[in-house]
Amino acid sequence: MYRHLEHRLAERLRQCLERRYLGVALPKVVVEQPPKVELGDFAIPLFPFAKPLRSAPLKIAETIRAEIGSIEGIAEMQVAPPGYLNVRIDRAWLAAALAADRKAAPDLSHGKILVEHSSINPNKAAHIGHLRNAILGDTFVRMERYAGREVDVQNYIDNTGVQVADVVVGFTHLEKKSRAEIEALARQPRFDYYCWDLYARVSQWYAEDKQNLGTRLSTLHALEEGGNETAAIAELISTAVLRRHLETMDRLDIEYDFLPRESEILHLHFWDAAFTKLKEAGVLTFENEGKNKGCWVMRRAGTADVARPLSPAKAGSGKANGREVPDDSGDQLDDRIVAIPIRPGVDIRASEIAEENQKVIVRSNGTVGYVGKDIAYHMWKFGLLGRDFGYRKSYRYPNQHDCWISTSPDDKNAEPTHPHFGDVAEIYNVIDARQSEAQSTVIEALRGLGHDEAADHYTHFSYEMVALTPRCAAELGYTLSEEDKTRSYIEVSGRKGFGVKADDLLDQLIASAKNEVDSRHPQLPDDDRRQIATQIAIGALRYFMLKYTKPSVIAFDFKDALSFEGETGPYAQYAVVRATSIFRKAEIDPETFAQNLSGNVTVADLAKYLTEDGANEIWELWLGASKTSYIIDQCIATREPAYLAKHVFQLAQLFNTFYHGHPILSEPEETRKRFLLATVGVVRRELLRALAVMGISVPPVM
RNA sequence: GGGCCCGUAGCUCAAACGGAUAGAGCAUCGGAUUUCUAAUCCGAGGGUUGCAGGUUCGAUUCCUGCCGGGCCUACCA
């Protein structure tokens with residue numbers, strides 16, 4: 001509603017100015033929201049027009065006001081110093097449209113969207129960092145679907161490599177378990193917790209004696225070779241842990257459509273196809289000398305060569321693994337080439353790319369690195385690779401929705417008929433900010449291949465990490481260094497087992513909510529109370545992860561995360577529950593009522609009650625309720641779901657104030673009572689919608 | 001060294017394109033209608049937006065330089 005009105009206003013204003021000032025190049029008309037309702041509903045600053053039109057902003061505003069004529073849905077315009085044109089909406093018009101719930105036709109002309117999120121390494125339990133990722137991703141998916149777009153959700157599974165090998169080492173060497181014993185453990189309810197601890201123990205074991213790293217290396221080789229006991233154990237572990245991740249996310253109503261696995265990208269030789277194309281296009285160059293001698297390299301994204309001496313390369317540490325990035329300073333796999341200091345003044349440009357700007361894609365031993373595989377995978381996403389995965393069903397959600405997983409096409413379980421994944425128009429990769437460089441490299445590779453359009457529709461949906469406050473770390477029983485105690489936050493580390501597990505947090509939230517529900521509604525059956533507590537817990541968690549803007553590091557603290565008061569999910573849920581209880585008491589079904597709002601309140605009544613003295617407060621409520629689509633558009637355009645969280649909170653806040661100040665069922669005047677009920681109905685409907693887009697459902701009572 | 005991000009109230013965070021008196025929550029203190037449930041509402045205190053310049057009608061926002069903090073920067077996966 002609000003959205004269409006805004007567009008119409010901007011368009012009419014532009015036309016008006018063009019007519020009045022023929023042949024003058026005009027700046028874009030921006031429509032803002034005045035700081036207070038008393039000033040109006042839209043504000044157009046006219047300062048940018050002063051210079052091109054050679055006229056004072058106030059004068060331009062006056063001209064527009066006099067000449068623009070009438071616009072459907074706009075009641076009046078006022079000129080406000082120092083240079084605004086303030087516009088009032090025709091309140092009855094907007095309210096009637098909102099009551100009728102007229103919807104715009106969805107725009108399906110853009111093609112399919114692919115959102116990749118979660119992408120947790122299948123070697124340990126999911127933690128709060130993964131929760132932020134999955135909740136951001138899932139909410140973005142819901143927003144795009146709300147806007148009418150077709151979306152596929154993928155969760156990339158890095159089931160090969162060091163992090164899985166480490167857990168295998170833990171089982172086979174530290175615990176000396178047989179495959180059958182591991183299989184039995186993998187059937188335990190929280191096998192991922194077991195792996196979490198084991199993973200940390202293995203890291204410790206490596207640190208104790210560097211000799212132990214030999215075991216890791218040989219395990220890794222066995223894994224890569226495949227067809228042996230070690231590979232079978234790795235497969236069984238990663239599959240079991242993946243299943244746990246799917247269950248954990250399912251608790252939060254997060255579902256996936258397809259799980260592409262790195263093992264298939266390897267075995268189906270996606271890379272070979274990509275490699276050929278990359279060489280042909282000259283994206284990769286072969287190094288004949290220098291530190292990267294014998295490698296195929298690419299220019300690091302965002303770098304340009306200038307003839308200047310290099311500073312000696314610094315020895316890095318830590319290790320990355322797939323979508324997850326270094327989480328410690330371990331250097332156990334330290335078999336890299338030691339950087340050779342370069343004398344100042346020496347031109348080291350052995351190839352066209354300065355050494356410091358080279359990103360190794362294919363190693364001198366001929367094997368491809370992570371970024372290379374990612375390039376191939378993204379060519380597949382855009383349908384540019386000429387190869388496809390095999391598919392089979394993997395996980396069925398309680399709502400009967402199937403999640404598919406990649407497999408080899410000649411796998412006997414591969415299904416000949418399957419949904420068509422990949423070959424999409426637009427992609428969003430929800431991956432934290434630490435992966436910016438790798439993501440940019442993939443985009444540049446696509447560009448280098450001549451796929452500019454694909455590159456332009458590739459979005460790294462970047463956000464900052466979740467860290468722990470020192471207090472939180474202490475509560476969890478970790479001993480902190482003096483330095484750590486002074487920090488505002490400390491990075492979590494899966495390798496050290498340092499972090500808050502997703503299921504633990506959810507369990508705590510549910511337990512805490514259950515306590516409240518138990519004391520408030522002792523008469524309800526326990527199952528109902530548990531269900532309500534779960535909804536509240538999910539609401540609290542999802543809201544918590546969404547209320548921070550993406551570039552902000554979340555310094556996690558149980559006190560804030562476990563709060564159900566103030567700016568939280570339960571606050572918004574509670575507003576809806578109060579609205580529902582009004583209807584319950586009135587013995588009106590709120591859904592039926594919402595569907596026939598226009599039949600319950602006339603335009604004349606709306607006009608009367610929304611414009612009388614003191615109506616501003618209620619008008620703000622209608623205005624806020626009309627903004628859902630507008631806000632979601634903003635969120636999509638800026639890729640910032642936090643705006644929706646803010647909006648939901650503000651609307652709930654307005655409603656709570658209204659609820660407190662306006663007794664509804666005891667209202668003596670019948671038409672006014674119906675109007676107030678309509679207000680409650682509209683706000684309730686829009687709050688429920690906005691919350692649903694955030695993945696938050698509302699219990700019947702709280 | 002280079003790249004990216006952050007610095008706003010005691011704490012945690014907002015402020016879309018530069019706009020009107022920089023806003024919320026938590027915490028603190030003081031209050032609230034026997035009503036549609038107080039997971040609520042009302043009020044109070046709390047700010048030189050890290051520092052210094054610049055751009056302009058106007059800067060928390062853009063530019064430059066400092067200060068402080070974080071992340072990334074391997075032939076790993």
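From a predicted model like this one, the values you see are computed outputs, not experimental measurements. Within every chain, numbering begins at 1; the chains are lettered A, B, ... in the order of the sequence lines, protein sequences first and strands thereafter.
The listed nucleotides are B:A24, B:C75, B:C26; the one nearest the side chain of A:Phe649 is B:A24.
The aromatic ring centroids of A:Phe649 and A:Tyr571 lie less than 6.0 Å from each other.
If you take atom P in B:G30 and the same atom in B:G18, they sit 45 Å apart, rounded to whole Å. Here, B:C13 and B:G53 have their P atoms 30 Å apart, quoted to the whole Å. With C1' as the reference atom, B:U60 and B:A22 are 7 Å apart, rounded to whole Å.
Residues passing the salt bridge (charged side-chain N to carboxylate O under 4.0 Å, His left out) test with A:Arg132: none are found, sequence neighbours excluded. Residues satisfying the salt bridge (charged side-chain N to carboxylate O under 4.0 Å, His left out) criterion with A:Asp374, sequence neighbours excluded, are A:Arg323. Looking at residues two or more places apart in sequence or on another chain, you find a side chain to side chain donor-acceptor pair (under 3.5 Å) between A:Thr679 and A:Trp622. With sequence neighbours excluded, the residues forming a side chain to side chain donor-acceptor pair (under 3.5 Å) with A:Thr367 are A:Arg363, A:Asn365, listed by chain and number. Shown here are the salt bridge (charged side-chain N to carboxylate O under 4.0 Å, His left out) partners of A:Asp589, two or more places apart in sequence or in another chain: there are none. Residues passing the salt bridge (charged side-chain N to carboxylate O under 4.0 Å, His left out) test with A:Arg584: none are found, sequence neighbours excluded. Listed by chain and residue number, nothing satisfies the ring-ring contact (aromatic ring centres under 6.0 Å, His included) test with A:His267 (two or more places apart in sequence, or in another chain).
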Seminar exercise, completed: Taking Watson-Crick and G-U wobble contacts under 3.5 angstrom, with | marking pairs to another strand and [ ] crossing pairs, the secondary structure of RNA chain B is written (((((((..((((.....[...)))).(((((.......))))).....(((((..]....))))))))))))....
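As a whole-Å value, the separation of A:Lys291 NZ from B:C76 C1' is 13 Å. Regarding A:Tyr370, its OH atom lies at a distance of 13 Å from the C1' atom of B:C76, rounded to whole Å. Straight-line distance from the NZ atom of A:Lys293 to the P atom of B:C75: 16 Å, rounded to whole Å. Rounded to whole angstrom, the span from the CG atom of A:Asn357 across to the P atom of B:C75 amounts to 13 Å. Here the P atom of nucleotide B:C11 and the NZ atom of A:Lys559 are 12 Å apart, to the nearest Å.
Between A:Glu565 and A:Cys295, it is A:Glu565 whose nearest contact on RNA chain B lies nearer the 5' terminus. Each of A:Ser436 and A:Ala652 lies near RNA chain B, and the nucleotide nearest A:Ser436 is the one positioned closer to the 5' end.
Counting any heavy atom pair closer than 4.0 Å across all strands shown, A:His647 reaches no nucleic acid atom. Within the nucleic acid shown, A:Tyr548 comes within 4.0 Å of sugar-phosphate atoms alone, with no base atom in reach, counting heavy atoms only. In this structure, A:Ser462 reaches neither bases nor backbone, as no heavy-atom distance under 4.0 Å exists between it and the strands shown.
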So which protein nitrogen or oxygen atoms get under 3.5 Å of nucleotides 15-18 of chain B's nitrogens or oxygens?
from  : atom 1 : to       : atom 2 : distance (Å)
B:A16 : O4'    : A:Tyr643 : OH     : 3.4

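Sorted by first and then second residue, the side-chain hydrogen bond (donor to acceptor under 3.5 Å, both in side chains) pairs involving residues 646-655 of chain A (not counting sequence neighbours) are A:Glu567-A:Lys646.
A donor N or O paired with an acceptor N or O is found under 3.5 Å between the base of B:A20 and the side-chain atoms of A:Asn86. Contact of A:Ser364 with B:C75 (side chain to base): a donor-acceptor pair of N or O atoms is detected under 3.5 Å.
Applying the 4.0 Å criterion to OP1 and OP2 of B:C6, one finds that A:Ser552 has every side-chain N and O outside that range. For the pair A:Gln653 and B:C41, the criterion of a side-chain N or O lying under 4.0 Å from OP1 or OP2 is not met. The shortest distance between the side-chain N/O atoms of A:Asn292 and the OP1/OP2 oxygens of B:C75 is below 4.0 Å.
Annotation: proximity of residues 566-584 of chain A to RNA chain B (heavy atom, distance under 4.0 Å) is found for A:Gly566, A:Glu567, A:Tyr571, A:Tyr574, A:Arg578, A:Ser581, A:Ile582, numbered in ascending order.
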Seminar exercise, completed: Once base and sugar-phosphate atoms are separated, protein heavy atoms under 4.0 Å mark nucleotides 29-35 of chain B, 5' to 3', with B, S and - as ----B--
